[in-house]
Amino acid sequence: MRARVRAAVARAWADAEAAGTLPALDDPSAAPEVEVERPANAAFGDLASNLALKLARPMRRPPMAIAGALADRLRGAAGAGLVASADVAPPGFLNLRVTDSTYEGVVADILSAPASWGRIPAVNPRTVNVEFVSANPTGPLTVGNARGAFVGDLLCRVLEAGGQRVTREYYFNDSGAQVNHLGASVAAVRRGEPVPDDGYKGAYVEDLARAVPEDVWAAATAEGAATDAVLGAWASHRVRAMIEASLARLGVRFDVWKSEASLHDEGWVARAVERLREAGHVYEQDGATWFRSTTFGDDKDRVIYKSNGWPTYFAADIGYVTEKFSRGFDHLIYIWGADHHGTIARNKNAAQAMGYDPDHYQVLLIGWVRFVADGVEVSMSKRAGTFVTLDDLLDAVGTDAARWFFASRAAHVEIDFDIELARKQSAENPVYYVQYAHARIASIVRKAAEAGLSPAPGVEGLLAGEPEAALVRVVARLPEVVEDAVVAEETQGVTAYATELATQFHAFYRDARVVDTANPERSGQRLALALATQTTLANALALLGISAPDSM
RNA sequence: GCGCCUGUAGCUCAGUGGAUAGAGCGUCGGCCUCCGGAGCCGAAGGUCGCAGGUUCGAAUCCUGUCGGGCGCGCCA
């Protein structure tokens, strides 16, 4: 609807120019974009445009006069069937109302094709790889990992809503020092010895120690066996399964699990370094191999292979970039904690140095989550065993409430999360307010069926009353909300919208009785509108991965 | 010192150039003879950290400044 009105305003401008009531621009390339938005105050109408204000300077005309000329056109052919009224307000706003028949058409569309309501034309169709969570399998996911998991999944859903093909990817390191430390910890606990200083503590280590099969234990402790590595490999495998189960619980599944070791084993790292070397961006110094990141604006060069010959983490990253692009992705997105921002430049630079477009290497930083319990910050350490697991969080507040919490905040800002407060307030969470509206409609629909009432076959005259007119205006906005979310790659607008729609429906419920056997015709019309609202709520929640219950 | 993020109501946060800055929670006061009270209605509460600048118009853009967070390894 917003898009249709935007097109109508553009048409009005062109018509006025052709008719000579508005002058042509001296410099057509400087023409402003036609913008149409929802005014903050509903009294101004359904949609408003600031086009006249933008055109005042280039046209050297007062904005009110330009707005007047546009309004004339919109009242005529340019707005035929769509624009019910066009008014001008100082300093030069163009305020528009949309015809009832347009809104009735929206309701008819929703009822005839509920599943596609809210789907929008592809905004920027790409094949995208989204890598997120990527916590190493040395312990269960914590609340610290929770935000990345939710934000990553929400981003994927939003990208898909915008018509993009998305692969969800989890990168992990199942070899190396950390995994050996895990193996050593398991071995120590199994033997009843204290866990080493650089080992892992916590109940899950004890669980792992108890669960070690006899044959694994025998192999790990055999003469000459690398005990820590063997046990670590077994334990990390098992931990990974735990992680996968936790993620499944929050409705997150990954398409690809990629191990760091495989990037080395399959030669991706070596080939990528060779590619950089051939392009002249690699040099040796102090026995180490360096990438000349400063060529691309980094503040220092970066080590690829250490002087002892071992690759850095960065080396694997370089190989991984080539591996991902080789799979046909044209856009890579990384979701990292804000503490990793210092590593963006080197990775982006390396991608550029290998011939990739740096714009196709996108990093989304997630703001720090400060966990507090009753106002006091809780420090989280896997090694110290002092952490709250993701499963604990879900036990406390539930998946829907947790999803809503993260979906309603910008991904990059730091936030406080008080798990005790969340537990206490989980019953007050706005997500239930929205779900309640959905369940209430479902109940009304059931009641209506019992009373022998059915939705009106047509939608004509649907907006006879004020409650109907107010509700349909919110319902009709879903595609705009989805489009804005896709463009911004953020979901706060969706939660805000769902809340507003629920509020509007509750008001409608108060003012307009739906189930009324004394007036079956009006009941049928209101029922149609209620159904359209229910679909809209369900589709908005679905975009967030949140359930829309029929009763609660 | 340098880089990135951040400062909006009592609390947690929306609002990235438009008209009277919003929501949830909390506080105070009302509303169940009728489709679900997990609801509705109303009230109090803000010099958008501060100071300049750009603009017809700034919470939003620019500069400076003060406060908070996170980084600045041949760690991962």
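Quick caveat, the model's predicted, so the values are computed rather than measured. A note on names: the letters A, B, ... follow the listed sequences, proteins ahead of strands, and every chain is numbered from 1.
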Peer 1: Calculate the interatomic distance between A:Asp550 atom CG and B:G36 atom P; express it in whole Å.
Peer 2: 13 Å

Peer 1: Rounding to the closest angstrom, what is the interatomic distance between B:U12 and B:U6 at atom C1'?
Peer 2: 15 Å

Peer 1: At a heavy-atom distance below 4.0 Å, what parts of residues 505-514 of chain A sit against RNA chain B?
Peer 2: A:His506, A:Tyr509, A:Arg510, A:Ala512, A:Arg513, A:Val514

Peer 1: Using atom C1' in both nucleotides, what's the gap between B:A43 and B:A38 to the nearest angstrom?
Peer 2: 23 Å

Peer 1: With rounding to whole Å, what would you report as the distance between B:G39 and B:G45 at their P atoms?
Peer 2: 25 Å

Peer 1: By the salt bridge (charged side-chain N to carboxylate O under 4.0 Å, His left out) test, which pairs, at least two apart or in different chains, include something from residues 482-504 of chain A?
Peer 2: A:Arg2-A:Glu483, A:Arg2-A:Asp484, A:Arg126-A:Glu489, A:Arg477-A:Glu500

Peer 1: Kindly state each residue pair satisfying salt bridge (charged side-chain N to carboxylate O under 4.0 Å, His left out) with at least one member in residues 31-44 of chain A, sequence neighbours excluded.
Peer 2: A:Arg38-A:Glu480

Peer 1: Closest-nucleotide mapping onto RNA chain B: is A:Pro90 or A:Glu490 further toward the 5' terminus? I mean the 5' end.
Peer 2: A:Glu490

Peer 1: Which whole number of Å gives the distance between the C1' atom of B:G29 and that of B:G18?
Peer 2: 36 Å

Peer 1: For A:Glu274 and A:Arg277, run salt bridge (Lys or Arg N to Asp or Glu O under 4.0 Å): C-alpha distance rounded to whole Å, both residues' side-chain angles, the deciding distance at 0.1 Å, then the answer.
Peer 2: CA-CA 5 Å; A:Glu274 224 22 65; A:Arg277 195 188 298 278; 3.5 Å; yes

Peer 1: Between protein and nucleotides 71-76 of chain B, map the contacts as a letter string: B base, S sugar-phosphate only, - none, heavy atoms under 4.0 Å, written 5' to 3'.
Peer 2: SSSBSB

Peer 1: Any side chain to side chain donor-acceptor pair (under 3.5 Å) involving residues 295-310 of chain A? Give me the pairs, sequence neighbours left out, ordered by first then second residue.
Peer 2: A:Tyr283-A:Asp301, A:Ser293-A:Asp298, A:Thr294-A:Asp301, A:Asp298-A:Arg302, A:Asp299-A:Arg302

Peer 1: Can you tell me how far C1' of B:U20 sits from CG of A:Asn95, to the nearest Å?
Peer 2: 14 Å

Peer 1: Show me, pair by pair, the donor-acceptor contacts under 3.5 angstrom made by side chains of residues 50-66 of chain A, not counting sequence neighbours?
Peer 2:
residue : atom : partner : partner atom : Å
A:Arg60 : NH1  : A:Asp26 : OD2          : 3.2
A:Arg60 : NH2  : A:Asp26 : OD2          : 3.0
A:Arg61 : NH1  : A:Thr21 : O            : 3.3

Peer 1: Which value, in whole Å, describes the distance between the P atoms of nucleotides B:C32 and B:C41?
Peer 2: 15 Å

Peer 1: Could you work out, with salt bridge (Lys or Arg N to Asp or Glu O under 4.0 Å) as the rule, every residue matching A:Glu260, not counting sequence neighbours?
Peer 2: none

Peer 1: Do the charged groups of A:Glu131 and A:Lys324 touch, with an N to O distance under 4.0 Å?
Peer 2: yes

Peer 1: Using atom P of each nucleotide, how far apart are B:G46 and B:C2 to the nearest Å?
Peer 2: 37 Å

Peer 1: Let me know the distance between CG of A:Asn429 and P of B:G24, rounded to the nearest Å.
Peer 2: 13 Å

Peer 1: Taking syn as within 90° of 0 and anti otherwise, name the glycosidic form of B:C32.
Peer 2: syn

Peer 1: Looking at A:Phe172, I'd like to know if the NZ or CZ of A:Arg240 sits under 6.0 Å from its six-membered ring centre while staying within 45 degrees of the ring's axis.
Peer 2: yes

Peer 1: In whole angstroms, how far is the C1' atom of B:A38 from the NE2 atom of A:His438?
Peer 2: 15 Å

Peer 1: Determine the contact category for A:Ala410: base if any of its heavy atoms lies under 4.0 Å from a base atom, sugar-phosphate if only primed atoms, P, OP1 or OP2 are that close, otherwise nothing.
Peer 2: sugar-phosphate

Peer 1: Does A:Ala439 reach a base, just sugar-phosphate, or nothing at all? Heavy atoms under 4.0 Å.
Peer 2: base

Peer 1: Return each pair, listed once, that meets salt bridge (charged side-chain N to carboxylate O under 4.0 Å, His left out) where at least one residue sits in residues 514-532 of chain A; pairs must be two or more places apart or across chains.
Peer 2: A:Glu468-A:Arg526, A:Asp516-A:Arg522

Peer 1: Take atom P in B:C40 and the same atom in B:C5, then report the distance between them in whole Å.
Peer 2: 39 Å

Peer 1: Heavy atoms under 4.0 Å, any strand shown: does A:Ser551 hit a base, just sugar-phosphate, or nothing?
Peer 2: base

Peer 1: Just the rounded figure in Å: distance from P of B:U54 to CZ of A:Arg57.
Peer 2: 13 Å

Peer 1: In whole angstroms, how far is the P atom of B:C4 from the CG atom of A:Leu365?
Peer 2: 12 Å

Peer 1: Do any pairs count as a ring-ring contact (aromatic ring centres under 6.0 Å, His included) and have a residue in residues 33-65 of chain A, sequence neighbours left out, and if so which ones?
Peer 2: none

Peer 1: Sequence neighbours left out, what pairs pass salt bridge (charged side-chain N to carboxylate O under 4.0 Å, His left out) with at least one residue falling in residues 173-184 of chain A?
Peer 2: none

Peer 1: Heavy atoms under 4.0 Å, any strand shown: does A:Asp298 hit a base, just sugar-phosphate, or nothing?
Peer 2: nothing

Peer 1: Verify whether one side chain among A:Ser408 and A:Gln492 offers a donor that lies under 3.5 Å from an acceptor in the other.
Peer 2: no

Peer 1: Tell whether A:Glu37 reaches the base of B:G18 with its side chain through a donor-acceptor pair below 3.5 angstrom.
Peer 2: no

Peer 1: Checking contacts here: which listed nucleotide (B:U6, B:G36, B:A23) is nearest the side-chain heavy atoms of A:Val413?
Peer 2: B:U6

Peer 1: For RNA chain B, write out the stems as range with range, using runs of 3 or more consecutive Watson-Crick or G-U pairs with both distances under 3.5 Å.
Peer 2: B:1-7 with B:66-72, B:10-13 with B:22-25, B:27-31 with B:39-43, B:49-53 with B:61-65

Peer 1: Expressed as a whole number of angstroms, how long is the span from A:Glu489:CD to B:U16:P?
Peer 2: 15 Å

Peer 1: Taking salt bridge (Lys or Arg N to Asp or Glu O under 4.0 Å) as the test, write out the residues that go with A:Asp286, two or more places apart.
Peer 2: none

Peer 1: Of all the choices, B:A19, B:G24, B:C35, which nucleotide is nearest to the side chain of A:Pro430 once you look at every atom?
Peer 2: B:G24

Peer 1: Say we look at B:G53 and B:G69: how far apart would their C1' atoms be, to the nearest angstrom?
Peer 2: 28 Å

Peer 1: Could you tell me whether A:Gln492 contacts a base, only the sugar-phosphate backbone, or nothing, with contacts defined as non-hydrogen atoms closer than 4.0 Å?
Peer 2: sugar-phosphate

Peer 1: Is there aromatic stacking of A:Tyr433 on B:A38 here, judged by a ring-centre distance under 5.5 Å and a plane angle under 30°?
Peer 2: no

Peer 1: Relative to the 5' end of RNA chain B, which residue comes earlier, A:Ile415 or A:Ile444, by the nucleotide with the nearest heavy atom?
Peer 2: A:Ile415

Peer 1: Does any donor atom in the side chain of A:Gln504 or A:Tyr509 lie under 3.5 Å from an acceptor atom in the other side chain?
Peer 2: no

Peer 1: Between atom CZ in A:Arg370 and atom P in B:C70, what is the gap in whole Å?
Peer 2: 10 Å

